[in-house]
Amino acid sequence: MKRVALIGMPNTGKSTLFNRLTGSSARVGNWPGITVDLMTAKILVGAHMAEIVDLPGIYDLHGYSDDESVVRTFLQGTPVDLVLLIVNAVQIERQMALVLQMRALGLPAMLLLNMADEARKLGITIDADKLAAHLAMPVALISAKYGEGQPAALKKIGQQLDIGKAPGTAKLDVLLENAQIERESVAVMAAAVHVPARLPEHLTDKLDRVVLHHWFGLPLFFASMLLLFEAVFWLGTPLQSAMTWIFDQAKTLVVAPAVSMLPQIVQGFVLDGLWSGLSTVAAFVPLIVLFFLFMALVEDSGYLSRAAFLTDALMSRLGLDGRSFVMILMGFGCNVPAIMGTRVMRSRPHRLLSMLVIPLSLCSARLQVFLFLIAAMFSPQRAPWVLFGLYLMSFATAILTALIFKKRYVSNEPFVIELPPYRLPTLMQIWLRGWMEVRHFLHRATKMIIIGVVCVWILTHVPFNATPAGPDTLAGTLGSVLSPLLAPIGIDTKLTVALMFGFIAKEIVIGAFAVIYGMEGASLSAHMATQMDWVQAMSFMLFTLIYTPCVSTIAAIKAESKSAAFTLLSVAWPLALAWGVSFVFYQSARLFLAH
Amino acid sequence: MNSARSYPRLSELALGQHALVKAVHSAESLAHRLVALGFRTGKPLHVIRRGKLSGPLQVRLGTTDVILRRSEAAQIEVQLTPASGHGGKPA
């Protein structure tokens, strides 16, 4: 087995090439000392099985960013048979320095000049043979997006693997002087590359005059985000219902009969514990696919960098950047894909801070709970204002969280990024992204979600002779134990049990009311109106808005942060904040109303 | 050095004004990134766009467009050149 590493700067189409080479066979690999996900895949190259590793994009081999140290750690610790250097042919002049740095490491290397089609359009000519002679490594011109030049490049890669030099690790102490690199770079460029002095005006410039317009840019950004958001949930909600319906049907038609001879309690465990856990996972699949189909469009088209430009003035004051803003907005639909989407941010502190903020976005599941409670407790005239207030609260807690934690999660990543030209992503690129993300989610989150759902089932059903979710179950007992803590914010034992259900998924809270109060629909609404006043209801909604991310979100946070301590913080902080907010609201409302 | 201040900073450059990179006065971590993105001594550049509310700048260097915050642009010293045929869009 040969090992081939892909190395290149960001925006060189490195991952596109990786996806094209490997199809959908890629998976997340584990490497010594490396905490970020590296995609790997095994493919046949010529006569060799080769393991291709997609390393993160880097600007400088000796740079200080998280990604740059990942690449160094990898090259030092893992022997490679061939390094494939991917360079954006349009920017060959600037990217040559990285090629020369890599060559100095003494690893077997080959240069792939990607986006050869774009370079040709701009009138940039590259003599691959002369370049190969000067660099003493094979060179191939390709277009990873359209597959142009790929067979020839693969053949050359195969030939390199045939030579069979002993695989090596990098000796990173060989550090070339900048001046030396500059001199060599100029010599190589002069010999093999011609860039016209005046480039033709790009379509990108014309589009940017509208998209990044001084006044229209920001409204246009919000409008397009709203559109995107609507599209994801307009398409996603029916698919989600369909998925739930399929799982319900399977439950009544297949699973329930299959376990019918087992004792009652085991049946309950399988159907309402395990099976409902599985169906919780499944309900997210359509949303995640759709979300990432659209995200791929936003990202690969180059719009995400524009969004960063437009919103940076606001976001930099919160210790975040424009890319987190897009994810926080998406969080208002569903927190889970938004958390996964933070991967576009390359600095870990930025990602962690964003992951702490996103769960405070009022997601569509919480919206269902609020719509139910508001309709039950408030007059139609007041209802819209209550909902509006909850949205405001969601923004306020997000901003507060960012301000409090921005000192803790200081990014070492400078906000200096490339603005790529607009590109139309291919359907394959978009589809692969959606597919990969779902696989990633299923692989990483399924176990934790099922465990969470099963735990709640146990809490509400043990001991088995008690009424499910009643006062004698573990949940009821826990509710009584917690009552000194929750009574000051107006939440009684029954509501506490409902909150425990909300941990599975916030929308389950309504279903939990039905179980706990033993009634449904209009009679449930009417009964709840007699059980609490509006101050209690408001306090309960504030608490539900903030208290803790649902188990799927927590699973996503755990999978993305790979840190148990951070995951714990992401549960504990909102819990504390929720209590604080509800306490202040409940007590001051009681005080004012008493007078 | 006193003479260092006699050159303007990238952050002070007017829209469309052409200049050459004179020196990068950033901490090493940032300097690496800036150099890799094309801020090398003697390279021509010009400012395409300035973000609202002290937002970032969009700077064009050869075939690369870079966005960076003004605080970072203030660490790059430039030398003004008369508008010439370097770089992207026609004046």
Side-chain angles (χ1 to χ4, degrees), chain A residues 9 11 58-65 68 88-95 97-98 101 118-119 122 124 178 181-182 185 195 197-202 204-206 208-209 212-215 217-218 305-306 308-314 316 321-322 412-421, chain B residues 10-11 15-16 18 21 23-76 81 83-91:
Chain A
M9 289 198 186
N11 302 309
I58 58 168
Y59 288 100
D60 187 305
L61 197 54
H62 304 282
Y64 292 77
S65 74
E68 281 154 351
N88 176 350
V90 176
Q91 303 174 344
I92 183 171
E93 183 181 10
R94 152 170 95 75
Q95 303 198 352
L98 184 63
Q101 277 187 344
E118 281 186 24
L122 289 172
I124 298 169
N178 271 335
I181 285 184
E182 183 75 35
S185 179
V195 181
R198 183 188 278 272
L199 294 165
E201 184 175 27
H202 217 269
T204 293
D205 288 320
K206 292 183 193 146
D208 271 344
R209 249 172 257 155
L212 298 181
H213 188 274
H214 210 67
W215 297 110
L218 218 45
S305 312
R306 266 99 192 154
F309 178 85
L310 288 168
T311 54
D312 186 66
L314 302 170
S316 63
D321 73 17
N412 55 353
E413 182 90 359
F415 185 78
V416 180
I417 58 177
E418 195 192 330
L419 201 63
Chain B
L10 176 56
S11 49
L15 268 188
H18 289 249
V21 177
V24 174
H25 296 285
S26 306
E28 211 183 340
S29 54
L30 177 57
H32 270 297
R33 171 73 55 90
L34 290 171
V35 169
L37 280 168
F39 289 95
R40 297 196 301 253
T41 310
K43 294 287 168 194
L45 56 75
H46 64 283
V47 177
I48 303 269
R49 200 165 268 114
R50 300 170 73 94
K52 274 204 322 187
L53 303 168
S54 308
L57 306 181
Q58 179 185 349
V59 179
R60 180 161 298 170
L61 295 117
T63 51
T64 306
D65 277 20
V66 173
I67 51 181
L68 73 169
R69 289 190 179 140
R70 296 186 190 201
S71 51
E72 269 116 29
Q75 301 166 5
I76 299 168
T81 51
S84 62
H86 286 297
K89 67 179 178 187

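Values in this document were obtained by computation on a predicted structure and should not be read as measured data. Naming: A, B, ... by sequence-line order, numbering from 1 per chain. The figures that follow rest on heavy atoms only: side chains count, while hydrogens, waters and symmetry mates do not.
- The structure places CZ of B:R49 at 11.5 Å from CG of B:L57, a figure rounded to the nearest 0.5 Å.
- Of the two parts of A:N88, neither the backbone nor the side chain holds a non-hydrogen atom closer than 4.5 Å to a non-hydrogen atom of chain B.
- Neither the backbone nor the side chain of A:T311 comes within less than 4.5 Å of any heavy atom in chain B.
- Ring geometry for B:H46 versus B:H18: interplanar angle under 30°, hence parallel rather than tilted (30 to 60°).
- Residues B:V35 and A:I181 form no side-chain contact, since every pair of their non-hydrogen atoms from C-beta on lies 4.5 Å or further apart.
- Heavy-atom pairs under 4.5 Å with chain A were tallied for B:P56, B:G55, B:A73; the largest tally goes to B:P56.
- Atom CG of A:L310 sits about 11.0 Å away from atom OG of A:S305, to the nearest 0.5 Å.
- Contacts of A:I92 with chain B are absent, with no heavy-atom separation under 4.5 Å from either backbone or side chain.
- The greatest number of non-hydrogen atom pairs below 4.5 Å with chain A, out of B:V66, B:L68, B:T64, is found for B:T64.
- Contacts between A:Q95 and chain B at a heavy-atom distance below 4.5 Å are absent for every atom of the residue.
- Ranked by heavy-atom pairs under 4.5 Å with chain B, the list A:E68, A:E93, A:H214 is led by A:H214.
- Note: B:I48 CD1 to B:I67 CD1 = 12.5 Å, rounded to the nearest 0.5 Å.
- One finds no salt bridge joining B:E72 and B:R33 here, because no Lys/Arg side-chain nitrogen approaches an Asp/Glu carboxylate oxygen to under 4.0 Å.
- When each of A:I124, A:N11, A:L218, A:D208 is checked for heavy-atom pairs under 4.5 Å with chain B, A:D208 comes out on top.
- When the candidates B:L53, B:L34, B:L37 are compared by the number of heavy-atom contacts under 4.5 Å with chain A, B:L37 comes out ahead.
- In this structure the side chain of A:Q91 never reaches within 4.5 angstrom of the side chain of A:E118, judged on heavy atoms.
- Contacts between B:R50 and chain A at a heavy-atom distance below 4.5 Å involve the backbone alone (N, CA, C, O).
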